[in-house]
Amino acid sequence: MSLNTDLADIFATIADIMDLRGENPFKGITYRKISRILRDSPLDIRQAVENGTIGDIEGIGEHSRSIIEEYVRTGRSTEYETLCRSVPAGVLALLEVEGLGPKTVARFWKERNITSADQLLTAIDDGSLLDMKGIGQKKLAAIRQGLLARAKTAGRRGIGEVLPVAQELLRRLRRVEPVRSAEVAGSLRRMKETIGDVDLLACVAEETEAPVVTRAFVEFPGVERVLGQGDTKASIVVGSGLQIDLRVLPERHFGAALMYFTGSKDHNVRVRGLAQKKGMTLNEWGLYDAAEYARATKKTGAAPPIEPLASRTEHEIFARLGLPFIEPELREDRGEVEAAVEGRLPRIVARADLRGDLHTHTTASDGQNTIEEMAEAARAAGYEYLAITDHSKSQTIANGLDARRLAKHAEAIRKLNDRLRGITLLAGAEVDILSDGRLDYEDAVLAELDIVVASPHFALKQEQRKATDRLLRAIENPYVNIIGHPTGRLIGGREGLPLDMPAIFRAAAASGTALEINSSYPRLDLDEVNSRAAAEAGVLLAINTDAHSAGELEAISFGLAVARRAWVTPARVINCMPLAGLRAFLKKKK
DNA sequence: GCCGTTTTCGGCCCGACTGTTTTCAGTCG
Ligand SMILES: Nc1nc2c(ncn2[C@H]2C[C@H](O)[C@@H](COP(=O)(O)OP(=O)(O)OP(=O)(O)O)O2)c(=O)[nH]1
Ligand SMILES: [Mg+2]
Ligand SMILES: [Mg+2]
Ligand SMILES: [Zn+2]
């Protein structure tokens, strides 16, 4: 784990302890936000502490700065340790239980000396908690359910796993009689690499039809538990343990509802704060004049009884706030609202900007389709060019090519290219970066290719120095154009190489080597944090699928999402260049 | 705890659902 994530965990725990102690709730909010900022930040915290620039980060004040500084210097935080000693670990763990919050947990602890899930279960079963004020049969039954179902978030899942499930649910939802439209919202619409739960928005013509939808939703096949069900929203858990939240609103509130439910939470808070400053108030029903809204009496689950300033589309709401449309992938409270206000939102890369895929495999190594089939799929995808980059000889399991086979393969690619229309093929290879940074082909072999992707595939547990030197050596090779999946990390799996990223970025930018955003799930490597840092450091990126079949070319949407979430513009992406420009880039290095 | 065309104290987003509440607190989105 990195320093940033260590610190993020510390601040998240401090936030929980603040809540448990009944401190001003804004303390918990503040610490939780700092936790998120640190987790999201590519910033070298150690460097920032040395430079004394930690306090410059918006949201980190005097107090948190001192905690960070002590931790960076000594590897410990006395304040954090003192706070931890004041709360038994079992009490903190109880916060993970569905339906249990800091108020209730603190009361169980203080009033009944309950400090673990086991003790709580025993106390529920012997009926001894029923005499607590505000605690009744139903509440205890719900907590019991939560305890048995274990953790609140049964862990986050990779987007690649969740997306098909969400789409199937969406199809079902659209078949429910009064549903006019249904969309994915939440982290899935923002294309976050991991998903806590699925959020779906359904629209109906009239308010009165909404309860029909929530009733149908909780009856969907595969529903394991119903966490809650009201007239306008419902939450279920399906067999796999995945939670699905549904929100239902009348169509004329679609834009406001989608904006609300897309989030992120912190983005919403930021936009709503801006609305406030402009004398307006924003919720899932619409954007309203604040004074008029205050005079009106709003009933739960019903539209406010006044005309909204905007509500039908997200565009209208942003516009009424004086903002350009903010792409869902940017809505993470990473400076996008401020940038929108100042008119300096980036024009992030879009699918239509991509002119080719520069990392694909064929039956020559471990792919499932021939060169021609891959070429045809690329042409159908609207691409101008496609690089065929099969594995090198060390990848014996993947039927990697030796120099002789590679030469024949390249010849076949070029021959086919001569007769194909509407797509240009580049003869390349994905050459292994061996554990010491040497490549799996001689330079003379690489020199014969149009494009070279160099990737680490094994020995992915090296220490930072060794791993960084390994990649630097590959970057310095005059024939290497792209470093493929630079870290080797897998979502929900191995961490990958612990690279000194700033050093990698400097070398990549200086040598004219692109770094890949590998789209294949569960790689997504570089990830969004490093992609953003790379682009800011002047590195060029390549968004590739690493497709092992024609169908996998479609997975480009995942890599594209990483790039978009990283604020990457087309100018930073080599496969947004027209073929001539790309060829010039490839040639320049040699 | 953090922050400042509201400036160094006072405000911090806003609403739905649940349970035990006779007027709202807690939890969650
Ligand atoms: N205004 C506002 N909106 C919220 C709040 N909490 C959640 N939302 C909105 C924005 C979220 O993206 C959306 C869905 O909530 P989730 O808890 O499912 O979060 P999200 O999907 O963003 O992340 P996840 O991957 O599920 O953890 O609901 C809140 O406190 N205030
Ligand atoms: Mg969600
Ligand atoms: Mg949710
Ligand atoms: Zn590959």
Side-chain angles (χ1 to χ4, degrees), chain A residues 11 14-15 17-19 22-35 37 55 57-67 79 95-107 130 132-143 145-146 152-153 185-187 196-201 210-211 214 218 226-235 243-249 253 256-257 259-288 290 293-294 298-304 333 337 341:
Chain A
F11 278 99
I14 295 178
I17 296 174
M18 290 296 133
D19 289 346
E23 301 276 353
N24 178 341
F26 291 102
K27 288 195 190 184
I29 290 170
T30 303
Y31 283 128
R32 216 159 266 123
K33 188 164 164 188
I34 291 172
S35 171
I37 290 169
I57 301 172
E58 202 217 279
I60 298 181
E62 198 57 20
H63 192 83
S64 297
R65 182 177 57 78
S66 75
I67 293 174
E79 174 163 353
L95 289 174
E96 297 305 311
V97 177
E98 177 72 54
L100 264 185
K103 301 287 190 210
T104 314
V105 169
R107 286 188 62 203
L130 282 168
M132 287 177 75
K133 212 174 143 89
I135 304 285
Q137 292 279 9
K138 284 188 174 173
K139 200 166 266 179
L140 290 180
I143 294 170
Q145 272 257 308
K152 225 171 248 176
T153 47
S187 50
D197 67 12
V198 173
D199 303 285
L200 303 177
L201 173 67
T214 57
V218 300
V226 178
L227 298 177
Q229 183 201 342
D231 287 348
T232 72
K233 65 186 227 180
S235 291
Q243 180 177 331
I244 325 290
D245 295 331
L246 171 70
R247 190 65 203 265
V248 189
L249 278 96
H253 303 281
M259 196 166 173
Y260 149 71
F261 216 25
T262 297
S264 67
K265 170 187 176 292
D266 288 325
H267 170 87
N268 287 353
V269 170
R270 186 75 71 176
V271 175
R272 289 170 181 211
L274 183 71
Q276 269 193 331
K277 280 207 299 188
K278 292 177 178 274
M280 301 182 248
T281 185
L282 175 64
N283 57 36
E284 64 267 49
W285 297 92
L287 181 67
Y288 299 88
Y293 196 85
K298 156 117 181 59
K299 281 208 289 263
T300 296
D333 188 33
V337 176
V341 167

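Letters A, B, ... mirror the listed sequences (proteins, then strands); counts begin at 1.
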Visitor: Give A:Ser235 one of three labels, base, sugar-phosphate or nothing, depending on what nucleic acid heavy atoms sit under 4.0 Å from its own.
Guide: nothing
Visitor: Which whole-number value in Å describes the distance from A:Gln276 CD to B:dG10 C1'?
Guide: 13 Å
Visitor: When rounded to the nearest 0.5 angstrom, what distance separates CD1 in A:Ile60 from CZ in A:Arg65?
Guide: 10.5 Å
Visitor: P atom, B:dC13 versus B:dC3: distance in rounded Å?
Guide: 14 Å
Visitor: Please verify the inter-ring angle class for A:Tyr293 with A:Tyr288; under 30° counts as parallel, over 60° as perpendicular, anything in between as tilted.
Guide: tilted
Visitor: Given 3.5 Å as the limit, does a donor-acceptor pair link the side chain of A:Lys298 with the main chain of A:Ala302, or not?
Guide: yes
Visitor: Could you give the CD1-to-C1' distance, from A:Ile29 to B:dC14, as a whole number of Å?
Guide: 12 Å
Visitor: Would you kindly give the CG-to-C1' distance between A:Asp197 and B:dC28, to the nearest whole Å?
Guide: 11 Å
Visitor: May I ask you to list the residues of residues 277-284 of chain A, by number, that have any heavy atom positioned under 4.0 Å from an atom of DNA chain B?
Guide: A:Lys277, A:Thr281, A:Leu282, A:Asn283, A:Glu284
Visitor: Checking base pairs now: Watson-Crick or wobble, both atom distances under 3.5 Å. What partners B:dG1?
Guide: B:dC12
Visitor: Using a strict 4.0 Å threshold on nitrogen-to-oxygen distance, state whether A:Arg32 and A:Asp19 make a salt bridge.
Guide: yes
Visitor: C1' atom, B:dT6 versus B:dG11: distance in rounded Å?
Guide: 9 Å
Visitor: Across the strands shown, which category fits A:Arg247 at heavy-atom distances under 4.0 angstrom: base, sugar-phosphate, nothing?
Guide: sugar-phosphate
Visitor: Could you check if a side-chain atom of A:Ile37 sits within less than 4.5 angstrom of a side-chain atom of A:Lys33, using non-hydrogen atoms only?
Guide: yes
Visitor: Which value, in whole Å, describes the distance between the C1' atoms of nucleotides B:dC14 and B:dT8?
Guide: 28 Å
Visitor: Without swapping roles, check the side chain of A:Thr30 against the backbone of A:Phe26 for a donor-acceptor pair under 3.5 Å.
Guide: yes
Visitor: Quick check: any donor-acceptor pair below 3.5 Å linking the side-chain of A:Tyr260 to the base of B:dG29?
Guide: yes
Visitor: To the nearest Å, give me how far apart CG (A:Asp231) and C1' (B:dG15) are.
Guide: 14 Å
Visitor: Can you name the residues that form a side-chain hydrogen bond (donor to acceptor under 3.5 Å, both in side chains) with A:Arg272, not counting sequence neighbours?
Guide: none
Visitor: Does A:Lys298 or A:Ile34 map to a spot on DNA chain B nearer the 5' end, using the closest nucleotide for each?
Guide: A:Ile34
Visitor: Please measure how far the P atom in B:dG26 lies from the corresponding atom in B:dT20, and state the result in whole Å.
Guide: 14 Å
Visitor: Of the listed nucleotides (B:dC17, B:dC13, B:dG1), which one gets closest to any side-chain atom of A:Lys233?
Guide: B:dC17
Visitor: If you measure from the P atom in B:dC12 to the same atom in B:dC17, how many Å do you get, rounded?
Guide: 25 Å
Visitor: So does A:Gly61 get a backbone contact from the side chain of A:Ser64, meaning a donor-acceptor N/O pair under 3.5 Å?
Guide: no
Visitor: Using a 4.0 Å heavy-atom cut-off across all strands, classify A:Tyr293 as base, sugar-phosphate, or nothing.
Guide: sugar-phosphate
Visitor: When all nucleic acid strands are considered with a 4.0 Å heavy-atom cut-off, which category describes A:Asp199: base, sugar-phosphate, or nothing?
Guide: sugar-phosphate
Visitor: Evaluate the side-chain proximity of A:Val341 to A:Leu274: yes if any heavy-atom separation is below 4.5 Å, no if none is.
Guide: yes
Visitor: Measuring only the P atom in each nucleotide, how far is B:dG10 from B:dG15? A whole number of Å is fine.
Guide: 25 Å
Visitor: What is the nucleic acid contact for A:Glu23, judged by heavy atoms within less than 4.0 Å: base, sugar-phosphate only, or nothing?
Guide: nothing
Visitor: From CG of A:Asp19 over to C1' of B:dT27, roughly how many Å is that when rounded to an integer?
Guide: 12 Å
Visitor: Could you state the atom-to-atom distance from NE2 of A:His253 to P of B:dC14 in whole Å?
Guide: 18 Å
Visitor: Quick one: A:Lys27 NZ to B:dG11 C1', roughly how many Å, whole number?
Guide: 16 Å
Visitor: Using a 4.0 Å cut-off on protein heavy atoms (strictly under), produce a 5'-to-3' string for nucleotides 18-26 of chain B with B for base contact, S for backbone-only sugar-phosphate contact, and - for none.
Guide: SSS-----S
Visitor: With centres under 5.5 Å and planes under 30° as the test, does A:Phe26 stack with B:dC12?
Guide: yes
Visitor: Is the shortest side-chain N/O distance from A:Trp285 to OP1 or OP2 of B:dC14 below 4.0 Å?
Guide: no
Visitor: Return yes if some donor-acceptor pair links the side-chain N/O of A:Arg107 with the main-chain N/O of A:Lys133 below 3.5 Å, else return no.
Guide: yes
Visitor: How close or far is atom P of B:dC3 from atom CD1 of A:Ile60, stated in whole angstroms?
Guide: 9 Å
Visitor: Could you tell me whether the side chain of A:Thr262 and the main chain of A:Met259 form a donor-acceptor pair under 3.5 Å?
Guide: no
Visitor: Verify the contact: side-chain N or O of A:Thr300 to OP1 or OP2 of B:dC17, cut-off strictly under 4.0 Å; return yes or no.
Guide: no
Visitor: Specify the residue among A:Asp245 and A:Arg270 whose closest nucleotide of DNA chain B lies further upstream toward the 5′ end.
Guide: A:Arg270
Visitor: What is the minimum heavy-atom distance between A:Leu95 and A:Gly101, and which atoms define it?
Guide: CD2-C, 3.8 Å
Visitor: Using the C1' atom in both, what is the distance from B:dG1 to B:dT5, to the nearest Å?
Guide: 24 Å
